[in-house]
J.: 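I have a structure here, written as structure tokens, and I will follow up with some questions on it.
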Amino acid sequence: MEKTFNATQAESRLYDAWETAGCFAAGANAKPGAETFSIMIPPPNVTGSLHMGHAFNNTLQDILTRWHRMRGHDTLWQPGQDHAGIATQMVVERELIKEGKRRTDFTREEFIARVWEWKQQSGGQIINQLKRLGASCDWSRNAFTMSGAPAAPEGEDGNFHDAVIKVFVDLHEKGLIYRGKRLVNWDPHFETAISDLEVENIETPGHMWHFKYPLAGGETYTYVEKDEDGNIVLEEERDYISIATTRPETMLGDGAVAVHPDDARYAPIVGKLCEIPVGPKEHRRLIPIITDEYPDPDFGSGAVKITGAHDFNDYAVARRGGIPCYRLMDTSAHMRDDGAPYAEAAALARRIIDGEAFSENEIDAINLVPDELRGLNRFEARERVIEEITQEGLAVMTDGEDGPEPFVENKPVMQPFGDRSKVVIEPMLTDQWFVDAEKIVGPALDAVRSGETKILPERDRKVYFHWLENIEPWCISRQLWWGHQIPVWYGLDLGAADFRDDEGDGSLDLVELGRLLNEGGMLHAGDVHHCAADFDAVLRAFRAELADTPHPIADARIVEVEDKHAAIHMLAESLAHYAIDQDPTKLVYPVWRDPDVLDTWFSSGLWPIGTLGWPEDTEELRKYFPTSVLITGFDIIFFWVARMMMMQYAVVGQKPFDTVYVHALVRDESGKKMSKSLGNVLDPLDLIGDYGADAVRFTLTAMAAMGRDLKLSTARIAGYRNFGTKIWNACRFAEMNGVFEADLPAVDYGAGNDADQTVNQWIIGETAKVREEVDAALAAFRFNDAANGLYAFVWGKVCDWYVEFSKPLLQGEDAAAQQETRQVMRWVLDQCLIMLHPIMPFITEELWGTLSARDKMLVHADWPTYAASDLVIEQADREMNWVISVIENVRSARAQMHVPAGTYIPVLVSEIDTAGEAAWSRNETLIKRLARIDSLEKVDSFPKGCITVPAEGATFGLPLADIIDVESEKARLEKSLTKLAKEIKGLRGRLDNPKFAESAPPEVVEETRANLDQREEEEAKLKTALTRLAELG
RNA sequence: GGGUGAUUAGCUCAGUGGUAGAGCGCUUCGUUCACAUCGAAGAUGUCAGAGGUUCAAAUCCUCUAUCACCCA
């Protein structure tokens, strides 16, 4: 064997061997009738590459998977990727830019073909990276959230698309999905809606401007400000109301000014109108002063401008107060440049103030951006608005160094940024699809409340509850091309009020046709829509819709067109032809499909069932669903966990998993979140290259204390790489000593501890202890306990002591003892490899295969089940612990007396009891070798200049008269005594307290007493030694 | 502003009421035939601070300070 494990050379070879042999396939190594264990990978983005978080997350999953598989359970680790709508579209668009092209240079079909092409070429990156980590997923089942979509090329079949569409249609039919014009988070870069979870709120330096909104008609009121005690601190006549805002450009779309109903300062002017101080003077818009609970009287002036179309709080106020929401920006967040000139728009707004009713769509068509600001981006518009107001003298002024200046506060504001685009998100009023989450949240909450699904660590239940209990409608439509296109078709609403069959004769005359074609007809009619899995299915719905319209339209051929424009054009043309030829067979009724796609998380929400073949009733679905565990980062509790819970219950009425294990973040050495912009990213693949996958995995596992972030440093990884080398060399030692020789009969000590040698009995018992520890830790998801327990056992027990103890036996004369020791060592090392395998799969598999011919690869080796109560032999335990302490104490004394490490010295013993004598004689060789003692002589009392080494039931002495340094020995003893005295004082204090004996559990009292006796015995010995030393001095 | 958590050795962190621990680093010694990616020995703690509960507190409770994250 080499001296070290060559990870680089071995890892890919071993992984290939596992995969080729089908070791990771669902059900591989399952015992007949075994219980199932299934775990769904949180699907990484198809654009993703492995980062530390993935490495951590997947290491934990792999540990559980390998552990269960070795235990003979019917195990499935289901891998896959999600199609990551925005991210993927972004990646492909970036590729196109290299060719000097843009997405819009292509048709949607062409672009999607490009995306698929990219996916097939580059989308598998993370799979290969997961393989390097050692992830034992069943890759033959690799899933993709867009599999089976209409344009999917060969090799991308599967039925995830069917599942997504079916769920949409079902939920739509149940009324759980609806369409509506709502304020949503709009990403001006990608020009799509995003959900509130895709928004990062970041504190950014900002400003608060204070402006005066003049009262209409020059009205005035007495503004009175009082302090806490009700004393008047300010009283003045005002003809305006003061407003503070961080976004002056949105003033253009104000619909009202709101004050708190209890705010006495503004009570005189509630219900009056005030003027928005921007825009052409002659068309100044007036807006009402209303009351609402939202304004905080103590914040700013206490009065808030209400811009329903560009702020979420304002939107709520506007809805409550029936205030119109004027949209000011286009999809790229530039000031609108459409519609009628400002003068006309302002006139329309005036009519609304006067009480005229306008529809939502009519209001949306009103562009209240003054002509000179149209087309500017929002930040330029802001500057211009501020400038205009200030020039007009309507900014609130304050005393500056050089006289009065506009009152502008510098203050940090929370600004929303798109988590992908990193641009400022704009709240925007648009038509979107929503899941009525509130209606389906119940079972998801109940499941966790009742413990049907467990969330670990428990405190994360709170996060889950808090979010679900306050759930908002989930916006699921995205204005993208890449994704599951929403299965909804629209048609023109021919049932609109002003389209009638006047004669009721079922036929169309020219007058009626004219009404359809002209203003007020179909051009301005609303749409009707129907939802179905495909076009054929939706035809029926439209046919029924048309049934009420006059013949021959009711019988028109329904055709699919690109969009509403095309539909209007085609219908008009068709009707025009009909007017001429009266041939009803040529009439068509065009419908168009909703161009939007579904939020990627909508499809990811179906992951547990979708990957198992639902909606088909597959064997895998029956067997592996509900799944056993979900391991995921806390950052996607809402994104994903909560939604999966809701959706699985809504769709199949079952929980998706038994347990959710939520883990924390991997941070850099100094505790910062790893991010590309900070440049503190540790690439797991680099680390694997430098230290081997096992070391990286072990490090992550050892640091996986539940619910705590882990700060990763390479020193730690190197430490665990060394651990691998340690085991490697222990095995190498064993091999060199014939432990793994083929003709040595294998003994399964797990079936019974029938070794003769105390050392062997002891290590067998220790192995059983650690097996229980590891199983208990893994069962409780205490990964760090499992790793640390194994580390302490393998290095601290097996390598440090057992291997050393075995040397005299392996190299000694006693053939029987030698054979037994070989057999025990073989068994023990095998157990180490087995138990370490889930954490360190590569090095253990390599050793397993190298050391001996095996029936099965380690990945399928049988996980042990023996119990400590069966294998621990108390007597052996006690004896070996005694031996270890004698060796340690002698070593310590030698080192402190500067006895050269290689020198063998004689040792004396006095007061040794029978147990001690027996222990000594059974382990004499070991002790002598490890403590470097050449002889032991029993004496009645120690000679002068003898170093005292206390042990339980004996006192050893090192006669070092010629080299002893009296002072340092004295110091050594006194130090020990001080420490002992402190301990004894504490112990005696407790025992002397009568309440302790009364209240403490008997075993604790007993333990304390025994402890005290032991300390006192040791103290006595040391005191004697000190006295003797004094004689010498 | 609300919530959650953290504060333990030089560093990174375990430790849910019963003698304060690990890894790395540090000091000294050591190439004895598994391993220098090693071995032996050693030093280092007001367990953030202040109160309280308890026979007993790093651990439970209260307050304070500092930091982090999540949500508004």
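Treat the numbers as computed from the prediction; the structure is a model and nothing was measured. Lettering of chains follows the sequences in order, A, B, ..., and the numbering in each one begins at 1.
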J.: Is it true that a side-chain atom of A:Trp601 and a backbone atom of A:Trp640 form a donor plus acceptor pair closer than 3.5 Å?
T.: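 Not a single qualifying donor-acceptor pair exists.
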J.: Assess the residue pair A:Ser195 and A:Asn185 against the criterion (side chain to side chain contact (heavy atoms under 4.5 Å, CB included)); give the C-alpha distance rounded to whole Å, side-chain angles, the decisive distance to 0.1 Å, and a yes or no.
T.: CA-CA 6 Å; A:Ser195 85; A:Asn185 295 293; over 6 Å; no
J.: For RNA chain B, which residues of residues 970-986 of chain A approach it to below 4.0 angstrom with any heavy atom?
T.: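 Contacting residues: A:Lys975, A:Glu983.
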J.: For the pair made of CG in A:Asp296 and P in B:A72, what is the distance, rounded to whole Å?
T.: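 It works out to 18 Å between those atoms.
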J.: Just by distance, with hydrogens left out, do A:Glu974 and A:Thr978 show a side-chain donor and acceptor under 3.5 Å apart?
T.: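 There is no such pair (donor and acceptor under 3.5 Å, judged by atom type) between the side chains of A:Glu974 and A:Thr978.
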J.: Check nucleotides 52-59 of chain B for protein N or O atoms closer than 3.5 Å to its own N or O atoms and list the pairs.
T.:
{"from": "B:C55", "atom 1": "O2'", "to": "A:Asn993", "atom 2": "ND2", "distance (Å)": "2.9"}

J.: When the P atoms of B:C33 and B:U7 are compared, how many Å lie between them, rounded to an integer?
T.: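 Nearest-Å result for B:U7 against B:C33 at atom P: 45 Å.
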J.: Does B:C38 have OP1 or OP2 under 4.0 Å away from a side-chain N or O of A:Asn722?
T.: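 Affirmative; the distance criterion is met.
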J.: Can you tell me which nucleotide in B:A14, B:U32, B:G39 comes closest to the side chain of A:Arg932?
T.: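 Of the candidates, B:U32 comes closest.
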J.: Once you round it to whole Å, what is the distance between P of B:G23 and CG of A:Asn788?
T.: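 Answer to the nearest Å: 9 Å.
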J.: Please confirm whether the shortest side-chain N or O distance from A:Lys462 to OP1 or OP2 of B:C71 is below 4.0 Å.
T.: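 So the side chain of A:Lys462 is outside the cut-off, no N or O lying under 4.0 Å from OP1 or OP2 of B:C71.
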J.: Roughly how many Å apart are B:U62 and B:G25, using the P atom of each and rounding to a whole number?
T.: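 Nearest-Å result for B:G25 against B:U62 at atom P: 41 Å.
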J.: Is the ring pair A:Tyr720/A:Tyr791 parallel, tilted or perpendicular, if the boundaries are 30 and 60 degrees?
T.: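 Aromatic pair A:Tyr720/A:Tyr791 classed perpendicular.
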J.: What interatomic distance, in whole Å, is found between P of B:A43 and the corresponding atom of B:G49?
T.: 24 Å
J.: Checking A:Asn760 against A:Thr821 for the side-chain hydrogen bond (donor to acceptor under 3.5 Å, both in side chains) test, could you report, in this order, the C-alpha distance in whole Å, the side-chain angles of both residues, the deciding distance, and whether it holds?
T.: CA-CA 7 Å; A:Asn760 289 332; A:Thr821 304; 3.2 Å; yes
J.: Give the nucleotide from the list B:A34, B:U32, B:C71 with an atom nearest to the side chain of A:His466.
T.: B:C71
J.: For A:Ala734 and A:Asn1011, find the nucleotide of RNA chain B closest to each by heavy atoms; which residue's nucleotide sits nearer the 5' end?
T.: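 Mapping each residue to its closest nucleotide by heavy atoms, the 5'-most match is A:Asn1011.
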J.: On a whole-Å scale, what distance lies between the P atoms belonging to B:G51 and B:A68?
T.: 28 Å
J.: What's the closest nucleotide to the A:Asn729 side chain, out of B:G23, B:A34, B:A40?
T.: B:A34
J.: Any chance CD of A:Gln415 has more than 12 other-residue heavy atoms, nucleotides or ligands included, within less than 6.0 Å?
T.: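 Yes, the 6.0 Å shell around CD holds more than 12 heavy atoms from other groups.
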J.: At 4.0 Å (heavy atoms only), tell me whether A:Cys799 reaches a base, stays on the sugar-phosphate, or touches nothing.
T.: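 The answer is base, as A:Cys799 lies within the cut-off (heavy atoms under 4.0 Å) of a base atom.
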J.: Mind calculating the distance between CG (A:Leu810) and P (B:A34) to the nearest angstrom?
T.: 11 Å
J.: I'd like the C1' distance from B:U8 over to B:G23, given in whole Å.
T.: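 Roughly 15 Å separates the two C1' atoms.
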J.: Quick one, A:Glu772 with A:Lys769, criterion salt bridge (charged side-chain N to carboxylate O under 4.0 Å, His left out). Give me CA distance, side-chain angles, the key distance, then yes/no.
T.: CA-CA 5 Å; A:Glu772 289 190 351; A:Lys769 285 186 201 166; over 6 Å; no
J.: So, A:His663 and A:Asn57: side-chain donor and acceptor under 3.5 Å apart, yes or no?
T.: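 On atom types as modelled, these side chains qualify, holding a pair under 3.5 Å.
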J.: Roughly how many Å is it from CZ in A:Phe723 to P in B:C38, rounded to a whole number?
T.: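 Taking atom P of B:C38 as the reference, CZ of A:Phe723 is at 12 Å.
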J.: Of A:Glu1019, A:Glu1017, A:Glu1018, which meets salt bridge (charged side-chain N to carboxylate O under 4.0 Å, His left out) against A:Lys1021?
T.: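 One option only clears the test, and that one is A:Glu1017.
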J.: Measuring only the P atom in each nucleotide, how far is B:U46 from B:U59? A whole number of Å is fine.
T.: 16 Å
J.: If you assign each of A:Ile887 and A:Asn313 to its closest nucleotide in RNA chain B, which residue comes earlier from the 5' end?
T.: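 Checking each residue's closest nucleotide, the 5'-ward one belongs to A:Ile887.
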J.: Quick one: does A:Gln896 reach the base of B:A40 with a side-chain donor-acceptor pair under 3.5 Å?
T.: no
J.: Which of the following nucleotides, B:A34, B:A41, B:C24, is nearest to the side chain of A:Met736?
T.: B:A34
J.: In whole angstrom, give me the gap between the C1' atoms of B:G39 and B:C13.
T.: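 Straight-line distance between the two C1' atoms is 26 Å.
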J.: Please answer whether the main-chain N or O of A:Val739 pairs with a side-chain N or O of A:Asn737 as donor and acceptor at a distance below 3.5 Å.
T.: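 No, the answer is negative, given that no donor and acceptor are paired below the 3.5 Å cut-off.
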J.: Roughly how far apart, to the nearest Å, are B:A14 and B:A6 at atom P?
T.: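 Nearest-Å result for B:A14 against B:A6 at atom P: 9 Å.
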J.: Is it the case that more than 12 heavy atoms not belonging to A:Gln811 sit under 6.0 Å from its CD atom?
T.: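 More than 12 heavy atoms, drawn from other residues, nucleotides or ligands, come within 6.0 Å of this atom.
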J.: Give A:Glu804 one of three labels, base, sugar-phosphate or nothing, depending on what nucleic acid heavy atoms sit under 4.0 Å from its own.
T.: base
J.: Are OP1 or OP2 of B:A36 and a side-chain N or O of A:Lys3 less than 4.0 angstrom apart?
T.: yes
J.: Counting only side-chain heavy atoms from C-beta out, which of B:A72, B:U37, B:A41 sits nearest to A:Arg721?
T.: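 Among B:A72, B:U37, B:A41, the one nearest the side chain of A:Arg721 is B:U37.
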J.: From the set B:G23, B:A14, B:U12, return the single nucleotide nearest to any side-chain atom of A:Tyr791.
T.: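 Nearest nucleotide to the side chain: B:G23.
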J.: Whole-Å distance between B:G5 C1' and A:Arg461 CZ?
T.: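 A:Arg461 atom CZ is separated from B:G5 atom C1' by 18 Å.
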J.: Hey, what's the ring geometry for A:Phe783 with A:Tyr661, parallel, tilted or perpendicular (30° and 60° as the breaks)?
T.: perpendicular
J.: Hey, does the side chain of A:Arg782 come within less than 4.0 Å of B:G15's phosphate (OP1/OP2), counting only N and O?
T.: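 Result: yes.
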J.: Against A:Val770, only a single residue in A:Met835, A:Gln831, A:Lys797 fulfils side chain to side chain contact (heavy atoms under 4.5 Å, CB included); can you say which?
T.: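 Between A:Val770 and the candidates, side chain to side chain contact (heavy atoms under 4.5 Å, CB included) is satisfied uniquely by A:Met835.
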J.: Using only heavy-atom distances, determine whether the side chains of A:Arg878 and A:Asn881 contain a donor-acceptor pair under 3.5 Å.
T.: no
J.: Using atom CZ of A:Phe793 as one end and atom P of B:A22 as the other, report the distance to the nearest whole Å.
T.: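 Taking CZ of A:Phe793 and P of B:A22, I get 19 Å after rounding.
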J.: Find the runs of at least 3 consecutive base pairs, i with j, i+1 with j-1 and so on, that include RNA chain B, using Watson-Crick or G-U wobble geometry with both distances under 3.5 Å.
T.: B:1-7 with B:65-71, B:10-13 with B:21-24, B:26-30 with B:38-42, B:48-52 with B:60-64
J.: In whole angstroms, how far is the P atom of B:G3 from the CH2 atom of A:Trp467?
T.: 21 Å
J.: Just N and O in the side chain of A:Trp795: are any of them under 4.0 Å from OP1 or OP2 of B:A34?
T.: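 Negative; the distance criterion is not met.
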J.: Look at the side chain of A:Arg716 and decide which nucleotide, out of B:G18, B:A72, B:G23, has an atom nearest to it.
T.: B:G23
J.: Nearest whole angstrom, please: distance from the C1' of B:A40 to the CD1 of A:Ile905.
T.: 14 Å
J.: Using the side chain to side chain contact (heavy atoms under 4.5 Å, CB included) definition, which of the options A:Thr632, A:Val463, A:Val662 pairs with A:Val641?
T.: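 Looking at A:Thr632, A:Val463, A:Val662, the match for A:Val641 under the side chain to side chain contact (heavy atoms under 4.5 Å, CB included) is A:Thr632.
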